[in-house]
K.L.:
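Just passing along the structure, written as structure tokens.
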Amino acid sequence: MKFGGTSVADEAAIGRVTAIVRRQLERQPASDSPPLIVVSALSKVTDGLLQVARFTAEGDRDQALTRLGELADRHVAIAATVTSGARLAAVTRDLHAEFTATSDIVRALSSLHDVSPRLLDAIASTGELASSRLLAAALSESGVPAAWVDAREVLQTDAEFTCAAPDMDGTHARARLKLAPVAARGDVAVLGGFIGTTGDGVTTTLGRGGSDYSAAIFGACLDVSEIQIWTDVDGMLTADPRVVPQPRLVPQLSFAEASELAYFGAKVLHPSTILPAVSKNIPVRILNSRQPNLPGTLITADARSSQGTLTALACKRDVTVIDITSTRMFMAHGFLSRLFDVFERFKTAVDVVTTSEVSVSVTVDDARRVEPIVENLRAFAEVSQEREMAIICAVGEDIHDDPTAFGRAVSALGSIPLRMVSQAASRRNITFVLRDADVQQAMVQLHDAFFGTTN
Ligand code: ASP
Ligand code: MG
């Protein structure tokens, strides 16, 4: 069970989490191992710690220590509301110890005006160390048998500080050593997400948002039956609610569908972070800690959705279309590789591509280097560009098997002009490029056609 930062932001949120964990223990068969709890830093704390690191790098020791003190106070104040007596005294001491260790680093480094990635990770890890200590104490206080485990002693990574990659074998071995005894006692182990150590025991982090990744890594190493990602939304939706007024919840989708949608900003969870779990066929469920009775969204390796042809729609706004035309492309080879080489040289990713005999159209999201790209392409082709375009992507495993899907999508769009159209090789998505000004209307019409009227 992984809980995100907003799920442990304050006393009320932590109260909801303890109730969710208790309910899990009541519902699961007594023979099952107790759940493993992975927790993010309290909301905004990682941002705060990175600010502390910035002040430190600037040599602004006072600001760094003041900010760090505020973060410590917030944890201690919450501890006083979720624990009492000896437990409060113990967790307060532990929290102070974590923050004192970090302030020692800040003091030592601020005179050097330098924070290396290695030290950045040491500072950032404070958030998950503190949140996990706090949650373990709160669970114990509420009668759930819980034990805090230093996640750094379990998750082994390489030495790519700030974006470390897990060492699955090392983590597996450490998990057996550290976690099996906790489970054998019937205790719920509580660990911070996001943090680990190298083989030599130096603190690392997995990169921003890395707690989901930690949950998937632990889940895969322990071969759990399910991974629950508890967050503050109901799950994946059939469309972005800022674009389509009343999207529906997607009850179930495949990992591949989630990956197609992720690029287009379906923000709930980045599928690549759950890859360790999905590749071992462990289902991942997204749940809302404010609405624990809702079914959420289940992501599995090969779900066949029963919802209809499409699983969800996504859109990406403000993209640039580049049209490249060359009569020399006629019956020639090597044209595409020359063309993509230009994008490669300017490190710009191309998203949608359509081709005809003499022209190629591509979309780019990151328009910062479009001017030099266009200039270089002009060496061998005619080039034009159009800004303020958008991509709509309709995703569904069942697009394969439904020959009417494409026609229905196009006719749902009616008279809205389409700039590029593509059905991906995976045949799991249909992509349209159109004017950004039309995207909202187009999304609503598509949503109505495939998921029913929105209001
Ligand atoms: N606390 C870390 C972050 O904010 C990791 C996480 O929340 O997943 O990026
Ligand atoms: Mg987070």
Side-chain angles (χ1 to χ4, degrees), residues 1-10 13-14 16-17 36-54 67-68 70-72 74-75 78 95 98-99 101-102 115 117-136 148-152 154-155 157 160-166 171 190-197 203-220 227-233 235 258 262 265-277 284-290 299:
M1 305 175 83
K2 180 262 174 175
F3 294 92
T6 51
S7 298
V8 289
D10 52 30
I14 292 175
R16 285 191 292 270
V17 171
L36 185 82
I37 312 293
V38 176
V39 64
S40 293
L42 311 198
S43 67
K44 306 264 160 45
V45 168
T46 306
D47 289 337
L49 289 164
L50 295 179
Q51 205 181 8
V52 169
R54 265 194 310 279
R67 187 79 190 90
L68 193 60
E70 288 163 6
L71 294 171
R74 177 168 160 212
H75 287 80
I78 295 174
L95 290 169
E98 298 295 358
F99 280 95
T102 308
V115 176
R118 175 187 293 246
L119 288 156
L120 201 59
D121 277 356
I123 294 171
S125 70
T126 318
E128 270 71 8
L129 289 169
S131 67
S132 54
R133 286 199 181 268
L134 190 55
L135 184 60
W148 178 76
V149 176
D150 188 338
R152 297 172 303 177
V154 185
L155 210 166
T157 71
E160 286 297 320
F161 296 98
T162 74
C163 55
T171 304
V190 184
L191 297 87
F194 179 57
I195 58 176
T197 48
T203 299
T204 55
T205 69
L206 301 174
R208 294 307 305 270
S211 292
D212 293 339
Y213 199 16
S214 295
I217 294 163
F218 293 139
I227 293 175
Q228 301 174 351
I229 305 284
W230 290 88
T231 175
D232 55 0
V233 296
K267 274 271 173 43
V268 178
L269 153 158
H270 201 286
S272 62
T273 65
I274 59 165
L275 189 59
V284 176
R285 202 183 284 278
I286 301 167
L287 293 151
N288 188 347
S289 62
R290 290 173 183 275
I299 305 175

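All heavy atoms count here, side chains included; hydrogens, waters and symmetry mates do not. Both ligands and their constituent atoms are indexed starting at 1 by order of listing.
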K.L.:
Need the ligand 1 atom indices (1-based, order shown) with element for anything under 4.0 Å from a heavy-atom of R208.
P.N.:
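Within the 4.0 Å cut-off of R208, ligand 1 contributes 3 (C), 4 (O), 9 (O).
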
K.L.:
For ligand 1, is there an atom lying under 4.0 Å from some heavy atom of G193?
P.N.:
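The answer is no, since G193 has no heavy atom less than 4.0 Å from ligand 1.
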
K.L.:
Pairs of nitrogen or oxygen atoms closer than 3.5 Å, one from E128 and one from ligand 1: do any exist?
P.N.:
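Yes, since at least one N or O of E128 sits under 3.5 Å from an N or O of ligand 1.
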
K.L.:
Taking only heavy atoms of S40, which atoms of ligand 1 are found under 4.0 Å from at least one of them?
P.N.:
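Every atom of ligand 1 under 4.0 Å from some heavy atom of S40: 6 (C), 7 (O), 8 (O).
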
K.L.:
I'd like to know whether the aromatic ring centres of H75 and F99 sit less than 6.0 Å apart in this structure.
P.N.:
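Yes, close enough.
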
K.L.:
Side chains of R16 and S289: any donor to acceptor distance under 3.5 Å?
P.N.:
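Looking only at side-chain atoms, R16 and S289 do not form any donor-acceptor pair under 3.5 Å.
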
K.L.:
Quick one: do R290 and D232 make a salt bridge, cutoff under 4.0 Å?
P.N.:
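Between D232 and R290 there is no salt bridge, as every charged N stays at least 4.0 Å from the carboxylate O atoms.
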
K.L.:
Hey, are D121 and T205 close enough side-chain-wise for a donor-acceptor pair under 3.5 Å?
P.N.:
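Note: T205 and D121 side chains meet the donor-acceptor criterion.
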
K.L.:
Are any of the N or O atoms of K2 closer than 3.5 Å to those of ligand 1?
P.N.:
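So ligand 1 has no N or O lying under 3.5 Å from an N or O of K2.
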
K.L.:
Return the set of residues passing salt bridge (charged side-chain N to carboxylate O under 4.0 Å, His left out) with R208 (not counting sequence neighbours), or none when no residue passes.
P.N.:
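Salt bridge (charged side-chain N to carboxylate O under 4.0 Å, His left out) list for R208, sorted by chain: D47.
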
K.L.:
Short N/O distance, under 3.5 Å, between G207 and ligand 1?
P.N.:
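No: no nitrogen or oxygen of G207 is under 3.5 Å from one in ligand 1.
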
K.L.:
Check for a donor-acceptor pair, side chain of T204 on one end and backbone N or O of G196 on the other, with a separation under 3.5 Å.
P.N.:
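Yes, because the side chain of T204 sits within donor-acceptor range (under 3.5 Å) of the backbone of G196.
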
K.L.:
Judged by non-hydrogen atoms, does G127 sit under 4.0 Å from ligand 1?
P.N.:
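Distance cut 4.0 Å: G127 fails for ligand 1.
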
K.L.:
I need the atoms of ligand 1 closer than 4.0 Å to a non-hydrogen atom of T46, numbered in the order shown.
P.N.:
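Those of ligand 1 that fall under 4.0 Å from T46 are 1 (N), 2 (C), 3 (C), 4 (O).
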
